[in-house]
Amino acid sequence: MFDVAVVGGGPVGMLLAAELALQQVSVVVLERRAVPLTESKAGTLHARTAQSLDRRGLLTEVGHPTWGSVRFHFSGMFGLDLGAVAGDGPSIMGSPSAWAEHVFAERAEALGATILRGQEVTGLVQHDGHVRLSNGVEARYVVGADGARSAVRKAAGIPFVGMGARVAALMGEVRLPPGLPGGYHRTPRGWLLVWPGGRITTYDYRGPHADKSAPVTLEELREAAEHIAGFPIPMSEPRNLTRYGDASLQAQTYRSGRVLLAGDAAHMHFPWGGQGLNTGLEDAFNLGWKLAAQVQGRAPDGLLDTYHAERHPVAARVLWNVRAQNALADPDPRMDPLRELFAELMRFEEVNAYLSGMISGVDTVYDVGVPGAGWMAPDLAIATDAGTVTLVELLRRGQPLFLDLNGRYDLVKVVGARAEVVSGKADSPYEALLIRPDGYVAWTSAAGPSAAGEETLAGALDRWFL
């Protein structure tokens with residue numbers, strides 16, 4: 001029996017397996033496909049995801065990071081500068097999802113995870129101490145990372161609620177005529193997105209797909225593109241044609257007993273801003289260390305339930321901003337003045353920071369029960385007796401950290417063996433920080449002086465670590 005079975009071997013499932021294996025949990029990935037995908041459905045990794053990957057030593061392996069000023073869009077209006085809020089990491093990364101999946105799978109296997117392909121899971125039964133899957137695999141816990149149509153979510157009886165689709169989207173790779181302008185094109189009939197290499201996407205506002213599972217034909221893609229553009233668009237040599245819609249759905253709960261959900265199995269939305277994959281990968285970073293502690297008997301009461309408590313509101317906020325973008329994207333010319341006004345507002349620094357922080361995920365702050373904590377710890381260069389080490393390097397082992405930056409031996413005694421203690425000097429306004437394995441701050445020395453600080457630190461340790 002495995003400690004954890006992850007159903008779904010996409011980027012989210014493979015990253016979660018790697019995070020669990022890093023904690024020396026026995027984990028198996030069950031993937032329906034016999035061979036890995038070679039085409040990618042996503043390719044944008046935002047600043048918060050890049051920070052998390054850097055803290056595991058995966059940044060340059062997974063993609064091509066860009067630092068500094070980066071022009072980005074909100075509802076197809078390219079008025080944002082992601083670099084203004086990126087913090088200590090890249091502003092954005094290019095990473096085809098198929099490549100990210102490959103990197104995460106290699107890491108998971110290198111750390112001891114088992115990956116089984118050609119394994120379709122259609123159901124499960126929960127028992128007192130384990131879960132039995134339809135293919136006979138048993139595990140103490142199961143995580144459904146098997147996409148928007150998740151069989152795990154359905155078998156666990158978790159409702160998937162929200163708003164149905166109104167827009168029919170098609171995407172594919174084709175040979176296009178020379179001279180067709182690239183980029184985002186909004187017309188009174190919809191949106192035409194033309195990407196380098198012949199990838200084309202259509203957002204058709206005449207209504208949702210009649211059959212979401214029907215194969216896409218070249219003629220269907222051409223008809224949609226020509227309807228939106230208003231002129232003929234010859235295309236040939238179709239590859240990787242897919243359909244999707246703008247449904248906005250979220251699991252009511254991310255946990256039902258021994259079954260948990262992550263990625264598209266937990267939340268689904270239209271791809272405005274490229275936020276879906278990022279939200280799923282951050283699910284994996286949040287869940288991995290908590291689930292590992294649970295199966296290894298190191299979890300305080302209620303630790304695993306904080307996965308839903310922290311990640312459900314994050315995804316709900318993503319669905320909210322995507323619905324707002326979709327409303328602004330309506331091709332009806334009556335929306336033009338609103339889009340023009342919104343574009344003007346995006347020139348204000350405060351608006352840029354608000355929207356960029358939301359899209360890139362860097363505004364994510366968890367309620368950890370300590371005022372002034374819950375944010376991602378920025379990288380620090382810490383001068384210790386053994387030399388200088390960075391916080392990013394320290395987090396690569398995936399262990400809780402206590403940074404003593406001002407000789408706070410009184411606090412070090414409180415920590416004991418529940419976190420790795422690193423003492424030294426750094427350019428930080430805090431004398432001490434307690435940092436979770438996912439890089440988020442669980443406690444700061446600003447929580448209270450002297451005895452009060454010791455008391456709040458003890459409470460934070462009790463909440464997160466045994």
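Only a predicted model underlies this, so the values are computations on that prediction, with no experimental measurement involved. Counting begins at 1 with the first residue of the sequence. Hydrogens, waters and symmetry mates are skipped; everything else that's a heavy atom, side chains included, is used.
Considering CG of Asp88 and CH2 of Trp67, their distance stands at 10.5 Å, rounded to 0.5 Å. Taking CG of Asp363 as the reference point, atom CE of Met376 lies at 12.5 Å (rounded to 0.5 Å). Note that the OH atom of Tyr354 and the CE atom of Met346 stand 13.5 Å from one another [nearest 0.5 Å].
For the 3.5 Å distance criterion, the side chains of Ser134 and Thr122 qualify, holding a donor opposite an acceptor. With hydrogens and angles left out, the side-chain atoms of Arg243 and His209 include a donor and acceptor closer than 3.5 Å. Under 3.5 Å, the side chains of Asn135 and Glu120 contain no donor-acceptor pair of N or O atoms. Using a 3.5 Å distance cut-off with no hydrogens or angles, the side chains of Thr306 and Lys290 do pair a donor with an acceptor. Of the N and O atoms on the side chains of Thr202 and Asp204, not one donor lies less than 3.5 Å from an acceptor on the other residue.
The minimum heavy-atom distance linking Gly8 with Val29 is given by the pair O-CG1, 3.9 Å. Between Val370 and Ala442 the shortest heavy-atom distance is CG2-O, 3.5 Å.
In the displayed structure, Asp301 atom CG is contacted under 6.0 Å by at most 12 heavy atoms of other residues, nucleotides or ligands. Remark: Arg175 CZ is loosely packed, at most 12 non-hydrogen atoms of other residues, nucleotides or ligands lying under 6.0 Å away. Crowding of Arg166 atom CZ: a count of heavy atoms from other residues, nucleotides or ligands under 6.0 Å not exceeding 12. At most 12 heavy atoms of other shown residues, nucleotides or ligands fall within 6.0 angstrom of atom NE2 in His64. For CZ of Arg32, the number of neighbouring non-hydrogen atoms (other residues, nucleotides, ligands) closer than 6.0 Å is 12 at most. Residue-environment remark: CE (Met1) exceeds the threshold of 12 foreign heavy atoms within 6.0 Å. No more than 12 heavy atoms of other residues, nucleotides or ligands shown are found within 6.0 angstrom of CD on Gln24.
A search for side chain to side chain donor-acceptor pair (under 3.5 Å) contacts involving Tyr203 returns nothing, not counting sequence neighbours.
Side-chain contact between Val392 and Arg396: present, with at least one pair of heavy atoms (C-beta onward) separated by less than 4.5 Å. Two residues are said to be in side-chain contact when any heavy atoms from C-beta on lie closer than 4.5 Å; Phe285 and Arg311 fail this criterion. In this structure, His185 and Ile228 have side chains that are not in contact, with every pair of non-hydrogen atoms separated by 4.5 Å or more. You'll find the side chain of Leu111 reaches within 4.5 Å of the side chain of Arg107, heavy atoms only. Counting heavy atoms from C-beta on, the side chains of Lys154 and Arg149 come closer than 4.5 Å. For the pair Met77 and Leu328, the minimum side-chain heavy-atom distance is below 4.5 Å. No side-chain heavy atom of Asp246 sits under 4.5 Å from any side-chain heavy atom of His269. Contact check for Val314 versus Glu282: no side-chain heavy atoms found under the 4.5 Å cut-off.
Under the ring-ring contact (aromatic ring centres under 6.0 Å, His included) test applied with Trp191, the options Trp272, Phe270, Tyr205 reduce to a single match, Trp272.
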Exercise. Would you check, one step at a time, whether the test side-chain hydrogen bond (donor to acceptor under 3.5 Å, both in side chains) holds for Asp379 with Gln51?
Key: CA-CA 9 Å; Asp379 194 14; Gln51 290 174 324; over 6 Å; no
Quiz prompt | Working for side-chain contact (heavy atoms from CB on, under 4.5 Å), residues Leu22 and Arg56 | solution = CA-CA 10 Å; Leu22 179 65; Arg56 292 295 187 264; 3.7 Å; yes
Self-check item: Test side-chain hydrogen bond (donor to acceptor under 3.5 Å, both in side chains) applied to Thr364 and Arg48, step by step
Solution: CA-CA 8 Å; Thr364 299; Arg48 179 47 51 88; 4.7 Å; no
Exercise. Just do the side-chain hydrogen bond (donor to acceptor under 3.5 Å, both in side chains) check on Asn321 and Gln325 with the steps written out, would you?
Key: CA-CA 6 Å; Asn321 88 60; Gln325 292 188 67; 3.0 Å; yes
Practice problem: Kindly determine whether Gln23 and Gln399 satisfy side-chain contact (heavy atoms from CB on, under 4.5 Å), including the steps that lead there. | Solution: CA-CA 8 Å; Gln23 303 287 344; Gln399 298 301 310; 3.4 Å; yes
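Remark: Arg153 qualifies as a cation-pi partner of Phe160 under the 6.0 Å distance and 45° angle criteria applied to the six-membered ring.
Checked against a 6.0 Å centroid threshold, the rings of Tyr184 and Trp195 count as neighbours.
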